Amino acid sequence: MQSVTIRSVCPYDCPDACGLLVTVENGRASSVSGDPDHPVTRGLLCPKMRHYEDTVHSPRRLTTPLRRVGTKGAGEFMPISWECAIQLICSRWKSIVATHGAEAILPYSYAGTMGLVQRNAGHAFFHKIGASRLERTICSPAKDAGWKALMGDTPAMEPAEVAKSDLVILWSINAAATSIHAMRDAQSARRGGARLWAVDTYRTPTCDAVDEMFLIRPGSDGALALGMLHVIEKESLLDKEFISANVLGFDELSARILPDCSPELMSNVCGLPAETIKRMAREYARAKAPFIRLGSGLTRYGNGAMTVRTISCLPAVIGAWTRHGGGIFPGTSTGGAFPLQSLLREDFMSGESRLISMNQLGAALTELDTPAVMSLYVYHSNPAAIAPDQNAVIRGLEREELFTVVHERFLTDTARYADIVLPATTSLEHPDLYRCYGSYHAQRCDAAIPPVGMAKSNWEVFCLLAAGMGWNEPFFRLAANELIELLLVEESPWRNENVTERLRRGEPVMLTSPVPLKNNWLTPSGKIEILNVREGEPLPRLLPTHAENDGYPLRLQPAVSPFALNSSFYEQDDLRSKQTCMELLMNQCDAEARGLHDGQTVTARNGLGAVRFTLRISERVPAGTVVTEGVWWREFITGDRGVNALTSQRLTDGGRGSTLYDVTVEVRGE
Ligand SMILES: Nc1nc2c(c(=O)[nH]1)N[C@H]1C(S)=C(S)[C@@H](COP(=O)(O)OP(=O)(O)OC[C@H]3O[C@@H](n4cnc5c(=O)[nH]c(N)nc54)[C@H](O)[C@@H]3O)O[C@H]1N2
Ligand SMILES: Nc1nc2c(c(=O)[nH]1)N[C@H]1C(S)=C(S)[C@@H](COP(=O)(O)OP(=O)(O)OC[C@H]3O[C@@H](n4cnc5c(=O)[nH]c(N)nc54)[C@H](O)[C@@H]3O)O[C@H]1N2
Ligand code: SF4
Ligand SMILES: [Mo]
């Protein structure tokens, strides 16, 4: 048997973009391990990827194009050829463009693959046809908006500095599940003497591994940070020298927090005792080099951007930035290393078409009429499961006149509603270029195995569609490897020739920021702008969440599972069985107050929908909050709706992000 080991990269939406070593035997991936030479991975893969070969060669893989024969959603299809599929799509699109205009076509994609070429493969095609554009803001744009309001274009610090910190705060990040290498680094700092804290809404696996956890009410981190700022100011724990040289507007903030944000008042909002807020402030301010690793959970609320902005004031007022290991790390942004214009081809647009928020897909499919959306093309995303307000999304997908095409690896909830399903390659079957967003690394890789069945990559499909539309544009005849080369030949201050050559060879490389990562504030004033008059709210302040006035008594938190990634990985039976079933975690007192018992079926409902869960009584969740983990496929749940039937299409205060965690419900037995 011929066996070779090939370097590849994990394609999933995870900060680490791990280096993989794939063993290939007779054209099949037989095992996958972490690349010991990758500077972030260092040989360690998360549980999801340890058997990636079971995803790649899953019996559930789609292997041929399919055409719907049953009702929408029934999942009944017949196989057809690629020629037939492309012909059906292109002739339908030509007629939609002629009758309704090209904006009646809506692409929907997100982060099934993070590879720069395959992820962005559809932009040039949809720009040329003139389709509606999708605003891709489902994840955490409120984090960027909140950071920008305070820090401008200042880049993130080097996360490896955590090793020098003496107090590491994992703030709203379930690192044990979502950022295992950051968790490893935090634990190694702890072994070196640092204290480790977690600030969360329930006891996650991350909380099990820290010295102290602080559980607060969902959406109330702004209050905790304002309370801490109040104590730091009142008890003169400030770094006045740092503030006067580097910070704009601290006096204005003081004038606000001294009367309005005492720990006693903020305690009423976040639920921590005032004494605890005081102690956190003192220990934080007295630490030598406190390091905050800021996750994304707290950004998915109506006040998410303001929350990020408020927390990010903490290292500024105590001057943590000046010390090695001190600061706050929100995630890196290395877009400048590979400018994407040559891929996105905005020059193909003949005018600006309308922009539709991916968080409001339900409304776009059911309410828009100028023109109505007549065709939806979904690739590397599963909106029927992951998008907010599932009932509205499904009402839209059920519209008989909507022509839906889904390009997928599996028959997902979304694919079940398609008129045409196209089989997609996995990352082992196509080349791509990846950059981490939890560190400053990048790597490219080739295909490790041939396509499974008749699967094609995102880029190959758009080339076929361009030909089917009768376009002669040479761009759509390039191979994916040539697109990667277009990105690499473009000069960038982030990488020199040597780095680019190493990328070509498939090595993991470290990108170098063209500006210093610390103590170089890229704001209009050149200072950290606590006061920012360009913002609607010039100063950080307490903002309410959306759902607190919806009138339901329990906060619902749709959290992540360590054994899935959004709705991905449910095809692996072993991983799925580790999650048992779609559970709702509830505190004993809330269960008793409702006469509910462990293991029974319950229904959570609010004004948007009703969802059945198996009740798990758990001391991991505080009273008043209920939690469900994972985004389950419909075929594996008892009811006919997933958790997103309870989440809303409302947007965040900044960045137009999703508010997937800003939810209240009531729960009843059956
Ligand atoms: N295993 C696994 N890994 C993943 C994913 C997955 O689904 N599973 N998803 C991937 C994706 S797309 C992303 S964006 C990242 C996200 O990774 P993270 O940044 O870790 O974000 P979340 O897991 O959404 O939320 C982080 C933590 O915030 C908590 N939280 C929720 N609301 C609040 C709040 O108001 N205040 C505070 N303090 N905490 C709160 C949650 O309980 C959770 O423990 O993970 C990626 N990695
Ligand atoms: N309730 C709840 N909802 C959530 C979240 C949550 O934590 N809770 N998380 C939110 C967040 S942070 C995010 S980022 C979004 C993520 O939402 P999505 O980006 O839609 O993520 P996935 O659910 O992983 O679905 C990705 C799909 O892409 C497919 N795929 C993978 N590679 C390829 C490829 O190369 N080509 C094609 N054509 N398909 C491919 C996979 O099979 C999979 O079905 O979900 C959001 N929704
Ligand atoms: S930790 Fe993240 S990047 Fe690494 S293998 Fe797991 S999902 Fe992929
Ligand atoms: Mo995300």
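Quantities reported herein were computed from a predicted structural model and do not represent experimental measurements.
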Does the side chain of [X] reach to within under 4.5 Å of the side chain of [Y], using non-hydrogen atoms?
X	Y	answer
Phe250	Leu238	yes
Pro562	Pro47	no
Trp494	Val499	no
Pro544	Tyr301	no
Leu229	Leu314	yes

Donor-acceptor pair, side chain of [X] and main chain of [Y], under 3.5 angstrom:
X	Y	result
Asp590	Gly624	yes
Thr523	Gly526	yes
Thr664	Leu554	no
Asn303	Leu543	yes
Asp653	Met306	yes
Asn359	Arg656	yes
Glu158	Ala160	yes

With sequence neighbours excluded, what pairs up with Phe329 under the ring-ring contact (aromatic ring centres under 6.0 Å, His included) test?
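Partners of Phe329 under the ring-ring contact (aromatic ring centres under 6.0 Å, His included) test: none.
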
Can you sort out the partners of Ile617 under side-chain contact (heavy atoms from CB on, under 4.5 Å), two or more places apart, ordered by chain and number?
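Listed in chain order: Gln588, Ala591, Asp598, Leu615.
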
Who passes side-chain contact (heavy atoms from CB on, under 4.5 Å) against Ser648, sequence neighbours left out?
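Ser648: side-chain contact (heavy atoms from CB on, under 4.5 Å) contacts with Leu608, Arg650, Thr659.
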
Nearest heavy-atom pair of [X] and [Y]: which atoms, and what distance?
X	Y	result
Ser357	Thr137	OG-OG1, 4.1 Å
Trp147	Val308	N-CG1, 3.8 Å
Ile386	Ser381	CD1-OG, 4.1 Å

Kindly indicate whether a cation-pi arrangement holds for Arg119 with Tyr110, taking the cut-offs as under 6.0 Å to the six-membered ring centre and within 45° of the axis.
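So Arg119 does make the cation-pi contact.
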
Between Phe242 and Trp321, is the ring centroid distance below 6.0 Å?
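Distance test on ring centres: not under 6.0 Å, no.
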
Salt bridge (Lys or Arg N to Asp or Glu O under 4.0 Å), paired with Glu212, selected from Arg203, Arg190, Arg279:
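For Glu212, the salt bridge (Lys or Arg N to Asp or Glu O under 4.0 Å) check succeeds only for Arg279.
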
Pick from Arg42, Lys164, Arg293, Arg191: which one makes a salt bridge (Lys or Arg N to Asp or Glu O under 4.0 Å) with Asp185?
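That would be Arg42.
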
[X] and [Y] ion-paired at < 4.0 Å:
X	Y	result
Lys278	Glu275	yes
Asp662	Arg300	no
Glu537	Arg309	no
Arg195	Asp166	no
Asp200	Arg620	no

Distance-only side-chain donor-acceptor flag, Arg555 / Thr545, under 3.5 Å:
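Yes.
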
One pair to check against side chain to side chain donor-acceptor pair (under 3.5 Å): His181 and Asp16. What are the steps and the verdict?
CA-CA 7 Å; His181 302 96; Asp16 294 347; 2.6 Å; yes

What residue among Leu298, Thr178, Thr206 forms side chain to side chain contact (heavy atoms under 4.5 Å, CB included) with Ile173?
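Option passing the side chain to side chain contact (heavy atoms under 4.5 Å, CB included) with Ile173: Thr178.
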
